[in-house]
Amino acid sequence: MTDFDATRQLFHLPDGVIYLDGNSLGPLPKSVPARLGQTARDEWGEMLITGWNRAGWVDLPRRVGDRIGKLIGAPGGSVVMGDTLSIKVYQALASALEMRPDRRVVLSDTGNFPSDLYMADGLIRSLDKGHELKLVAPEEVKANIDETVACILITEVGYSTGLRHDMARLTQKAHEQGALAIWDLAHSAGAFPVDVLGGGADFAVGCSYKYLNSGPGGPAFVYVAPEHTEAARPALSGWFAHEAPFAFDLDFRPAQSIDRMRVGTPPILQLAALDAAMDVWDQVDMSDIRARSVELCELFIREVERRCPDFELVSPRDAERRGSQVAFRFAEGYAVMQALIDRGVIGDFRAPDIMRFGMTPLYISPDDVQRAAEILGEIMTDRLWDRPEYRVKAAVT
Ligand SMILES: *Cc1c(COP(=O)(O)O)cnc(C)c1O
């Protein structure tokens, strides 16, 4: 059994704060500052450029990728770190479209994170081959997978509502129709057990700064199914994707491994932070995380609905169809969230009217969730949100 009191001790959480936004930016693991200091002083400081070999920086994107691979059911050597998630979406989609040259439809859903859709749109414009980004309602994805679809580009858990797609089922339908499946695991990796190999995903991508706690701007990951390693040609063919970067050939030859999804020089300080942050998973059983996450979500839904009858639950009520977050709709949701943050409960807001609460068992307990619901109840009962300063929109919501 996972000891959640012990995992909580591994995180720095400011006094008086209940943090329900680890699905946006995970908190600081206590081990990270020391690791960053060590990497900066002992490696960068003392080794200078020899750190690439002596400290093993050059392999860090693969080593850390393998650690994330264990959480998502990916075999060793099939995951690599680097760049941002938006870039990894672009890479996966570019490779997938090249692998289905006779097809023109990229199928996604209206619950997907806009950046994934923007990247698809930009790629389609650059290709200029008549591809179409087809968007349907999340419930309509399966019915729209037909023989025109080159690939489905789906975020397993919708960032706004928390609706969870059935990866295995949609992937199976895609394959039956001759299409490929790209899964964005931004709200899955570290949130519940994922099995990219068992689920048949052709590509998977995700970020490390949400449930994996790598810190703001931490690098993203990309998985390529082992059978596609050679077929997946990298569209962003930077020198680190080359078979022999230090041969300095004038022609690009892709690496015969997942390294072909690398682009340029990896962010070593951020990777060191992520590597330290990954230690917590050595003492965690993913099925315990899932069970506790469901418990926290259900407790929060029950306690908030009891106190806040004006809220509408927009997350699925059925845990099977929900990720690890709870979202409520309320017209003045932005002001309510500011009032809540003012009282030490941090969630976030997604336009136009959704309040999101991430449930992260590593450092959030049932007591926290109970207390957060009580504070939210007070804000609603006493209309504490109804103040002009709570309506002022910040740059990041
Ligand atoms: C968080 C998130 C992103 C963010 O992408 P970045 O390039 O890391 O800023 C993209 N897609 C999804 C589905 C996300 O949840």
Side-chain angles (χ1 to χ4, degrees), residues 20-27 61 64-65 68 71-72 79-94 96 106-123 133 135 138 141 151-165 167 170 181-192 194 196 201 203-223 235-236 261-264 266-267 270-271 273-274 277 315 322-327 347-351 354 356-360 395-397:
L20 303 181
D21 212 3
N23 53 334
S24 232
L25 176 68
V64 176
I68 290 180
L71 303 187
I72 61 167
V79 176
V80 72
M81 310 302 302
D83 317 294
T84 71
L85 176 51
S86 303
I87 299 283
K88 293 297 162 201
V89 166
Y90 186 96
Q91 285 183 293
L93 184 58
V106 176
L107 181 65
S108 190
D109 71 80
T110 52
N112 203 347
F113 191 73
S115 194
D116 295 32
L117 306 178
Y118 303 159
M119 294 309 282
D121 187 57
L123 172 63
L133 175 60
L135 293 184
V141 171
C151 74
I152 60 171
L153 172 63
I154 306 289
T155 298
E156 188 184 15
V157 176
Y159 77 102
S160 186
T161 63
L163 176 76
R164 180 177 175 181
H165 285 289
M167 183 195 288
L170 291 182
I182 303 173
W183 286 96
D184 189 328
L185 305 177
H187 293 272
S188 309
F192 48 77
V194 178
V196 287
F203 296 86
V205 293
C207 52
S208 64
Y209 53 78
K210 291 172 180 160
Y211 293 90
L212 301 175
N213 314 304
S214 69
F221 64 86
V222 58
Y223 160 81
L236 300 177
M261 288 293 153
R262 293 173 69 168
V263 182
Q270 295 260 213
L271 278 166
L274 172 57
S315 298
R322 193 176 59 223
S324 194
Q325 70 174 58
V326 175
D348 64 22
F349 175 78
R350 289 294 173 261
I354 288 182
R356 278 196 326 175
F357 302 91
M359 297 296 155
T360 48
V396 174
T397 65

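FYI, side chains are in, hydrogens and waters are out, and symmetry mates aren't considered; it's all heavy atoms of this structure. Both ligands and their constituent atoms are indexed starting at 1 by order of listing.
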Pull out every atom of ligand 1 sitting under 4.0 Å from any heavy atom of Tyr209, numbered as shown with elements. 1 (C), 4 (C), 5 (O), 6 (P), 8 (O), 9 (O)
I'd like the name of whichever of Asp184, Ile87, Leu185 reaches closest to atom 13 (C) of ligand 1 through any heavy atom. Asp184
Under 4.0 Å from a heavy atom of Thr155: which atoms of ligand 1 are those, numbered in the order shown and with their elements? 13 (C)
If the cut-off is 4.0 Å to any non-hydrogen atom of Asp116, which atoms of ligand 1 fall inside it? 10 (C), 11 (N), 12 (C), 13 (C)
Could you please spell out the steps behind the side-chain contact (heavy atoms from CB on, under 4.5 Å) verdict for Arg164 and Val157? CA-CA 4 Å; Arg164 180 177 175 181; Val157 176; 4.1 Å; yes
For Lys210, take its heavy atoms, then give the atoms of ligand 1 lying under 4.0 Å from any of them. 1 (C), 2 (C), 3 (C), 14 (C), 15 (O)
Any donor-acceptor pair under 3.5 Å from Ser315 side chain to Thr161 backbone: yes
Can you tell me if Lys88 contacts ligand 1 (heavy atom of the residue under 4.0 Å from the ligand)? no
I need the atoms of ligand 1 closer than 4.0 Å to a non-hydrogen atom of Phe113, numbered in the order shown. 2 (C), 3 (C), 4 (C), 10 (C), 11 (N), 12 (C), 13 (C), 14 (C)
Please report which non-hydrogen protein atom sits nearest to atom 7 (O) of ligand 1, along with the residue it belongs to and the distance in Å to one decimal place. Ser86 OG, 2.6 Å
The test is side-chain contact (heavy atoms from CB on, under 4.5 Å); show your working for Ser188 and Met167 and say whether it passes. CA-CA 11 Å; Ser188 309; Met167 183 195 288; over 6 Å; no
CA sep, side-chain torsions, deciding dist, call: Leu85, Val205, side-chain contact (heavy atoms from CB on, under 4.5 Å): CA-CA 7 Å; Leu85 176 51; Val205 293; 3.6 Å; yes
side-chain contact (heavy atoms from CB on, under 4.5 Å) for Phe349 and Ile354? Distances and angles first, verdict last. CA-CA 6 Å; Phe349 175 78; Ile354 288 182; 5.8 Å; no
